[in-house]
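Quick note: residue numbers are just sequence positions, from 1.
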Amino acid sequence: MIVITGATGQLGSRIVQHLLARVPADQVGVSVRDVDRAADLAARGVRVRRADFADPATLADAFEDATQVLLVSSDRLGEEGVRLHRAAADAARDAGADRVLYTSHQGASASSVFAPMPDHAATEEHLRTLGVATTSLRNGFYASTVPRMLGGALETGELRVPADGPVSWTTHDDLAEATAAILTDGTELDGPTPPLTAPDAHDFSDVARVLSELSGRSVRRVVVDDEEWVQGLVGRGVPGEQAEMLLQLFWASRRGEFAATDPALEKLVGRPAASIRDVLAAAV
């Protein structure tokens with residue numbers, strides 16, 4: 001049995017759907033905090049069990065009889081997030097899973113200036129100590145971030161964001177399909193995978209150009225001072241802590257932390273990955 005955690009989230013739900021296109025439903029289990037949200041999966045024959053990374057007893061039940069467990073990373077940051085990931089990985093091993101997989105990030109690094117990246121690196125380090133086969137999925141940066149950064153660009157003709165660098169923006173759906181392939185095709189990738197990304201990396205100047213082409217309206221990329229941008233977000237109701245973390249994304253991209261690309265994802269899915277143009281076309 002293949003067990004997926006976080007199966008009602010943006011990534012986990014897509015992984016389950018792609019998985020069900022490949023294997024019978026009775027070979028799939030999901031671990032969720034609210035079983036009612038997975039009622040549709042239960043109706044299809046998927047094993048649904050409640051589990052919480054913070055409650056080891058529930059994890060033992062959710063991972064029972066699993067041959068593979070995919071841990072979709074928690075939304076908690078810092079030591080709390082790493083502690084939850086460690087507990088879940090240990091529970092998967094203790095339940096007898098032959099392989100433990102984890103949704104890491106292409107920029108996972110202890111030295112990253114973007115807060116989630118050291119957490120991913122620490123989790124990967126723990127996976128190496130489990131004593132069973134493990135795979136860290138080095139996922140590209142979610143492309144769904146880009147439309148949320150546009151602000152009023154289409155109305156004002158200005159895309160106002162801090163200085164940045166190229167990012168290999170990658171869609172949830174492409175990552176989900178690639179993950180389902182890894183889980184079912186006998187592709188035993190040990191340790192960190194190659195970057196699972198779209199084939200190209202783009203900065204926000206590229207985004208402004210594509211927006212102009214798609215909308216028929218000139219959109220100019222304007223570099224905004226870091227603190228001015230953060231205060232603008234706070235003024236629009238974004239919590240200060242969240243605004244500061246979003247700024248870290250720009251800091252990290254300036255250092256090239258998310259610029260790597262690799263053909264691995266497209267090989268796994270057997271087709272071209274969605275481009276930033278595809279993402280923006282849907283948003284426009």
**Asked** Could you go step by step and tell me if Ser275 and Asp278 meet the side-chain hydrogen bond (donor to acceptor under 3.5 Å, both in side chains) rule?
**Response** CA-CA 5 Å; Ser275 67; Asp278 297 327; 3.2 Å; yes

**Prompt:** Hey, are Arg76 and Asp119 close enough for a salt bridge, meaning a charged N less than 4.0 Å from a carboxylate O?
**Reply:** no

**Message:** Assess whether a salt bridge exists between Arg217 and Glu155, defined as any Lys/Arg side-chain N lying under 4.0 Å from an Asp/Glu carboxylate O.
**Reply:** no

**Asked** Quick one: do the His126 and Asp90 side chains pair a donor with an acceptor below 3.5 Å?
**Response** yes

**Message:** For Leu70 and Ile2: C-alpha separation, side-chain torsions, deciding distance, then whether side chain to side chain contact (heavy atoms under 4.5 Å, CB included) applies.
**Reply:** CA-CA 8 Å; Leu70 172 65; Ile2 301 170; 5.7 Å; no

Could you tell me which non-hydrogen atom of [X] sits nearest to which non-hydrogen atom of [Y], and how far apart they are?
{"X": "Ala92", "Y": "Val100", "answer": "CB-CG2, 3.8 Å"}
{"X": "Trp169", "Y": "Thr145", "answer": "CZ3-CB, 3.8 Å"}
{"X": "Thr193", "Y": "Arg138", "answer": "OG1-N, 3.0 Å"}
{"X": "Val269", "Y": "Asp174", "answer": "CG1-O, 3.9 Å"}
{"X": "Leu175", "Y": "Leu265", "answer": "CD2-CD1, 3.7 Å"}
{"X": "Arg254", "Y": "Pro162", "answer": "NH2-CB, 3.7 Å"}

Is there a path of hydrophobic side-chain contacts, each under 4.5 Å between heavy atoms, that joins [X] and [Y]?
{"X": "Leu101", "Y": "Val23", "value": "yes"}
{"X": "Val207", "Y": "Leu233", "value": "yes"}
{"X": "Val16", "Y": "Leu196", "value": "yes"}
{"X": "Val35", "Y": "Val69", "value": "no"}

**Message:** Ring-plane angle category for His120 and His105, please: parallel below 30°, perpendicular beyond 60°, tilted otherwise.
**Reply:** parallel

**Asked** Between Phe141 and Phe114, what is the ring plane arrangement, given parallel below 30°, perpendicular above 60°, and tilted in between?
**Response** tilted

**Request:** With rounding to the nearest 0.5 Å, note down the distance linking CG in Asp206 to CZ in Arg277.
**Result:** 11.0 Å

**Pair Ser168-Gln106, side-chain hydrogen bond (donor to acceptor under 3.5 Å, both in side chains): steps then yes or no** = CA-CA 9 Å; Ser168 47; Gln106 70 176 115; 3.0 Å; yes

**Message:** Quick one, Glu227 with Gln231, criterion side-chain hydrogen bond (donor to acceptor under 3.5 Å, both in side chains). Give me CA distance, side-chain angles, the key distance, then yes/no.
**Reply:** CA-CA 6 Å; Glu227 190 56 33; Gln231 291 307 314; 2.7 Å; yes

**Request:** Test side chain to side chain contact (heavy atoms under 4.5 Å, CB included) on Met1 and Arg47 and set out the steps.
**Result:** CA-CA 10 Å; Met1 175 170 285; Arg47 189 182 81 181; 3.4 Å; yes

